[in-house]
Number of protein chains: 2
Amino acid sequence: MPRARTRPTSRDVAREAGVSQAAVSLVLGDKWRGRVSEATAERVREAARTLGYRPNLAARNLRLGRTRTVLLVVPALTTEFFAGVYTGAARVASRHGFGVVLYPSPEGIGPARDPFASAQAALDGVIASSMAAEALSAIRGDQLPLVMLDSDPGADGVTVNLDIADGVRQVAEHLLGLGHRHFLHLGADVPSWTFEVRARELEARLRRVPGASLRTARSPISIKGAEAAAEAALTSRDRVTAVVCDDDQLAAGTYKAARRLGLRVPADLSVTGMDDLALATAIDPELTTVRLDAELFGERGMQALLAVLNGEQPSGTGIPVHLEVRGSTTRVP
Amino acid sequence: MPRARTRPTSRDVAREAGVSQAAVSLVLGDKWRGRVSEATAERVREAARTLGYRPNLAARNLRLGRTRTVLLVVPALTTEFFAGVYTGAARVASRHGFGVVLYPSPEGIGPARDPFASAQAALDGVIASSMAAEALSAIRGDQLPLVMLDSDPGADGVTVNLDIADGVRQVAEHLLGLGHRHFLHLGADVPSWTFEVRARELEARLRRVPGASLRTARSPISIKGAEAAAEAALTSRDRVTAVVCDDDQLAAGTYKAARRLGLRVPADLSVTGMDDLALATAIDPELTTVRLDAELFGERGMQALLAVLNGEQPSGTGIPVHLEVRGSTTRVP
DNA sequence: TCACCGACGTGTTACGTATAACTAGGTCCT
DNA sequence: AGGACCTAGTTATACGTAACACGTCGGTGA
């Protein structure tokens, strides 16, 4: 009589090894020292192996009241930046026996606007990028431990941030040192603290330079969008010698606009980006940009969340960034 | 006396509404018609709302013996291609109340070489890319329902494939039509069925053209790697007028190599890619490439898995692809 | 009158695991 | 000899949910 084809349970392993289910749990949970003999333990392990036993995680989660699973909320995964954040977070999680499930905010996923419904998983905590605006209110409502990425440190909750302000300062110093005085800031048209910082910091720095000018344009984060926005902004008769972009994709769009307008990069126009995506070194000339270590960002976020889950105080310093000087910037014409 | 701060259970809701736990389960599970009066049902819903009740998924999964969660196994998320696959799969999943957890194979994740241990989740099924080679044996060993992406249809199991062979044929026809006869194939140095197909199909097509020649080089999938490989291959004195790349990143590297060697694209050298990443339109000239619809690929993979889970026969036709002709190819010099 | 029925619920159980509490036999010290 | 203590386990229970099998009560047709 063929038994129904179902995964073996710890009780099956117990029967096979001739012990109680409790003993199986002790051995496989590595809590058997001083409670079970080495010989018996080995018999249990052997039985588990021959049966191909895998513990039922749903049962374990229910019993323990925790899941060792966290949710990572990001804006749509359209560039490798958040893929890197995920990878870093997942790496640290894996080292601590945790899993990471992803929620790329709704535009990518469809009608289920509720992150908790969409990620069909029982969760211990949440890491969320401030760029995933649509999902944030739902998350805030829940009482799960929460770590925010690139969010206003003034807000409540734990925050982990890249030192974006310093990155902007490095860009400004670099361009000012090359003699540039007339700037266009091509900003990301996304409501998020991280982009506010970029704008504020650049303006603050240039305000202290006599004779400097700063104009601003905004574009959604895409090459096509940036091309249109940059073309419109550069067509005006104001004299601009440097374009500071919030993102490498915006810079790539700026390249295309410049080409259409007959402006050479960097001879006529210096351009900078931010992120250091693969894109940055694929385009010609290679892009001067601020390197953000996405994987480290994800790692720090996960570490902070693990600290919170352990009731510790997460250590919160900004993550350093640095300017990669390449061929897209040069001395002012 | 403040009760311990813990999430409310269905029993708490029951107490609040003055009914039994069973009634709560019926109402919230939408199985109450003809068993509970409308008035009572509304009282239950109201109680659940005021308490902020969320069902415990671990308990539900244990009870039901299924989790509505599937694992998506991909190679490291280094380009937006697999991010797109994930997005498509997650979209379909979400529509059916499923969640998707990701396993980017080990190089990205670290020591936990076991996909099932790393994804700390109870699973109903698996979708795996044939490019995630390291993880495949572990997956095959498990008896979970499995859908393979871009894998040899001859192998057992359900397969969902892009019609890559047709894409290669379109590239070949395009270049032959422009008069090209001397080709370099820059292949991805990754052991996967999808890349074998590309090589085989190109060779098969060119073998039927009198006087045509085909050389081959291989590179890991990265711009830097491709630059080196292409530079070496193009330096030889053989006359090559067209480079067919397995991937857009390889094509971007080829652009850089050509620039170093003083070859103009497309005047001296036509180049084609595959994938149609954002990269393809960022570089100059824009890349002629085969557009692969990553999101559709993910959707089809998920649909096939859902079919398997329902005991149906998944319908398996290749997903069409098509050539985007842009500025990187022109008539042979 | 009475057997029956539908409407509206409730009591109880099982899912598979981890662990607290217990037991039985042997050893050792005093 | 007798308790203290160790070894090597076992028994029993709870986690929160879904759903099966019952119960009760008023009405109704014969």
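Letters A, B, ... are given to chains in the order of the sequence lines, protein chains preceding strands, and every chain is numbered from 1.
- Between A:Asn61 and A:Arg66, the shortest heavy-atom distance links the atoms OD1-O, 3.3 Å.
- Considering every non-hydrogen atom in both B:Leu57 and A:Ala122, the closest pair reads CD1-N, 3.9 Å.
- No salt bridge links A:Arg43 with A:Glu46; every basic N to acidic carboxylate O contact stays at or beyond 4.0 Å.
- Around CD of B:Glu312, the count of heavy atoms belonging to other residues, nucleotides or ligands within 6.0 Å exceeds 12.
- If you measure from atom CZ of B:Arg11 to atom P of D:dA14, you get 11 Å, rounded to the nearest angstrom.
- Looking at heavy-atom distances under 4.0 Å, A:Leu64 makes contact with sugar-phosphate atoms alone, never a base.
- Expressed to the nearest 0.5 Å, how far CZ of A:Phe81 lies from CD of A:Glu295 amounts to 11.0 Å.
- In this structure the side chain of B:Asn161 reaches within 4.5 angstrom of the side chain of B:Trp193, judged on heavy atoms.
- Of the candidates C:dG16, D:dT17, C:dT19, D:dT17 carries the atom nearest the B:Ser10 side chain, counting heavy atoms from C-beta on.
- Listed candidates were C:dT12, D:dA12, C:dC15. Nearest to the side chain of A:Gln21 is D:dA12.
- At the heavy-atom level, A:Ser25 lies under 4.0 Å from base atoms of the strands shown.
- At least one donor-acceptor pair under 3.5 Å links the side chain of A:Asp124 to the backbone N or O of A:Arg68.
- The CD-P distance, from A:Glu38 to D:dG9, rounds to 11 Å in whole Å.
- Distances were taken from every side-chain heavy atom of A:Lys31 (C-beta onward) to each of D:dA19, D:dA8, C:dT19; the shortest belongs to C:dT19.
- Contact between the side-chain N/O atoms of B:Thr9 and the OP1/OP2 oxygens of D:dG16 is not found at any separation under 4.0 Å.
- B:Val24 comes within 4.0 angstrom of no nucleic acid atom, judged by non-hydrogen atoms across all strands.
- Regarding B:Asp30, its CG atom lies at a distance of 12 Å from the P atom of D:dA19, rounded to whole Å.
- In this structure, A:Arg66 places its CZ atom 16 Å from P of C:dT17, rounding to the nearest Å.
- No hydrogens or angles considered: a donor-acceptor pair under 3.5 Å links the side chains of A:Ser130 and A:Ser192.
- Spacing between atom CG of B:Leu28 and atom P of D:dG16 amounts to 16 Å, rounded to whole angstrom units.
- The shortest non-hydrogen separation linking B:Tyr86 to B:Leu72 is CA-CD2, 3.6 Å.
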Pull out every protein N or O sitting under 3.5 Å from an N or O of nucleotides 21-27 of chain C, one pair per line with the distance.
| from | atom 1 | to | atom 2 | distance (Å) |
| --- | --- | --- | --- | --- |
| C:dA21 | N6 | A:Arg35 | NH2 | 3.4 |

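- Taking atom CH2 of residue A:Trp32 and atom P of nucleotide C:dT19, one finds them 17 Å apart after rounding to whole Å.
- Near DNA chain D, meaning a heavy atom under 4.0 Å away, there are no residues from residues 43-60 of chain A.
- In this structure, B:Ser37 reaches the sugar-phosphate backbone alone: every heavy-atom distance under 4.0 Å involves primed, P, OP1 or OP2 atoms, never a base.
- Here C:dG16 is the nucleotide among D:dG9, C:dG16, C:dG9 with the atom lying nearest to any side-chain atom of B:Leu62.
- In this structure, the CG atom of B:Leu26 is 19 Å from the P atom of D:dG16, given to the nearest Å.
- Counting only distance, with no hydrogens or angles, the side chain of A:Arg35 and the backbone of A:Ala23 share no donor-acceptor pair below 3.5 Å.
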